[in-house]
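Everything on this sheet refers to the single structure shown next.
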Amino acid sequence: MIELDAQSRALLDEVRELGRHYMRPMGLASDASGLPPPADHPFYLICSRRGGLVSQVVEGEAGEAALTWKPLRALLIAEESAYWDRGVALSLPGPGLGGAALRSTATPEQRQRFLAVFADSARAHWGAMALTEPGAGSDVARIRTRARKEGDSWILAGSKMFCSNGARADWVVVWATVDPALGRDGHRAFVVERGTPGFELLKIEHKMGSRGYETASFALYDVRLPAENLLGGETFYHARRGFKGALATLSLTRPIHAAQGVGMGRAAYDHALDFVRSEYPKHGRRRQRALERLAEIQRGLATARSICMQAVWLASRGEPNVLEASYAKLFAPPAVLRAVSTALDILGEAGVRNDRMLEKLYRDVKILDIGEGTQQVQRLVIARRLFGLPRDA
Ligand SMILES: Cc1cc2nc3c(=O)[nH]c(=O)nc-3n(C[C@H](O)[C@H](O)[C@H](O)COP(=O)(O)OP(=O)(O)OC[C@H]3O[C@@H](n4cnc5c(N)ncnc54)[C@H](O)[C@@H]3O)c2cc1C
């Protein structure tokens, strides 16, 4: 039995309120227009003004120098906010995936420096992380963005794609390599601040779902950075800690990502349940059959939630959770896709013809399957962990 502290309960209530009034309508509007809400949307300012609210808690109480992340709270808030709209939930102000990278890689001074901006409530702020490149998605060892040292500076050259919230971010954690021949040993993480010369937005993707947040591509044309922007400092990267930093980032975020799916599955369930209650006669056989299918949805979601919780519980104790994080990411998205599909089946033609909510959820969930490691990649990670094969995906 999980006991939530009063602050977590209050935050969940707040997410519910914001979800109902802002996130769900904003998500539907973004889905229709194909565009994420603009960065100056009043909702983001509300989030920033409410102190340590949603965004900061989702990604880790960013205002604190020590970055005391509460994984279980983050998981529940991720689930609840995705219930209202996953796309808009991912667009909430805060350090985002960049926060996870700071947590696993940065020095305390760097955390303080890059997280300070989130204490500003006068306007919304974002962070982001760019690992993926045109030739390096699942296999992050193939990144080709180069980092070379020149005196006291680092120079970055290359390109990045699919960077969530990248275009509106105050800074982006960019993973680069000092030498592609070194594979993962060559990886380094840098913070590139907005406005740094040579750091140029190429485009924002048009996505099939989760359209409430932007996914950006960048070019880095000999971007010059001070040595202090190398996360963790040079000593951190001895003994392959660069790649371990990237992997640790994913072990923190994969279960949270999977829990978003549980939230979306709950939304589909509630939608189908409302439909059954309003459309099917109370004691009819049709209603009975639909309720059995709704129970099937609940079983899948309950299992997915348990697996996600186990992974974050380990993280909260500082214990290794690579295997459990991959279990969560492997299990939840297909379970939720089945749940949404079953909900659509229950509605029948109403679901396909004129019910935008379930049809949208179907597309939103599918996209969840890809980010932070696909199904095949999770299988590889699990097999390697279980059977001691030589490297992590
Ligand atoms: C909406 C969205 C947001 C994203 N946000 C970010 C972000 O903020 N930052 C970031 O860095 N990245 C981000 N990504 C990128 C994401 O992490 C990659 O898309 C993902 O890792 C898959 O890489 P890929 O698309 O290049 O596919 P590929 O790696 O090219 O894979 C294509 C197919 O091949 C399969 N495959 C690949 N390798 C193997 C293997 N060894 N064995 C078996 N099958 C394999 C895959 O499972 C997949 O089915 C985002 C992606 C999306 C869709």
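For reference, positions follow the sequence shown, starting with 1. Just follow the structure's listing: the first ligand is 1, and inside any ligand the first atom is 1.
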Looking only at protein heavy atoms, identify the closest one to atom 1 (C) of ligand 1 and say how far it is in Å.
->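 The protein heavy atom lying closest is Y213 OH, 3.0 Å.
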Protein heavy atom at shortest distance from atom 46 (C) of ligand 1 |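 For this ligand atom, the closest protein heavy atom is T374 OG1, 3.4 Å.
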Is any N or O atom of [X], backbone or side chain, closer than 3.5 Å to an N or O atom of ligand 1?
| X | result |
| --- | --- |
| M129 | yes |
| L131 | yes |
| Q376 | yes |
| F162 | yes |
| T132 | yes |

Under-4.0 Å heavy-atom contact between protein and [atom]:
| atom | result |
| --- | --- |
| atom 51 (C) of ligand 1 | yes |
| atom 25 (O) of ligand 1 | no |
| atom 37 (C) of ligand 1 | yes |
| atom 20 (C) of ligand 1 | yes |
| atom 14 (N) of ligand 1 | yes |

Identify the heavy atoms of [X] and [Y] that sit nearest to each other, and give their distance.
| X | Y | answer |
| --- | --- | --- |
| V365 | P333 | CG1-O, 3.9 Å |
| S121 | L45 | O-CD1, 4.0 Å |
| E193 | N229 | OE1-ND2, 3.4 Å |
| R194 | A169 | NH1-O, 3.4 Å |

Between [Y] and [X], do the side chains contain a donor N or O and an acceptor N or O under 3.5 Å apart?
| X | Y | answer |
| --- | --- | --- |
| Q375 | D369 | yes |
| E80 | W84 | yes |
| S210 | R86 | yes |
| Y44 | S91 | yes |

Do [Y] and [X] meet the salt-bridge criterion of a basic N to acidic O distance under 4.0 Å?
| X | Y | answer |
| --- | --- | --- |
| R111 | E109 | no |
| D364 | K207 | no |
| E372 | R254 | no |
| D345 | R338 | no |
| E14 | R16 | no |

Does [X] have a non-hydrogen atom less than 4.0 Å from ligand 1?
| X | result |
| --- | --- |
| W175 | no |
| D139 | no |
| C163 | yes |

Under 4.0 Å to a heavy atom of [X] - the qualifying atoms of ligand 1, by number:
| X | result |
| --- | --- |
| L97 | 7 (C), 8 (O) |
| L380 | 40 (C), 41 (N), 42 (N) |
| I370 | 19 (O), 20 (C) |

At under 4.0 Å between heavy atoms, which part of E372 makes contact with ligand 1: side chain, backbone, both or neither?
-> backbone
Counting heavy atoms only, which of G135, A128, S164 is nearest atom 5 (N) of ligand 1?
->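 Checking each option, the heavy atom nearest atom 5 (N) of ligand 1 is found in S164.
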Candidates S138, G87, G137; heavy atom nearest atom 28 (P) of ligand 1 found on S138
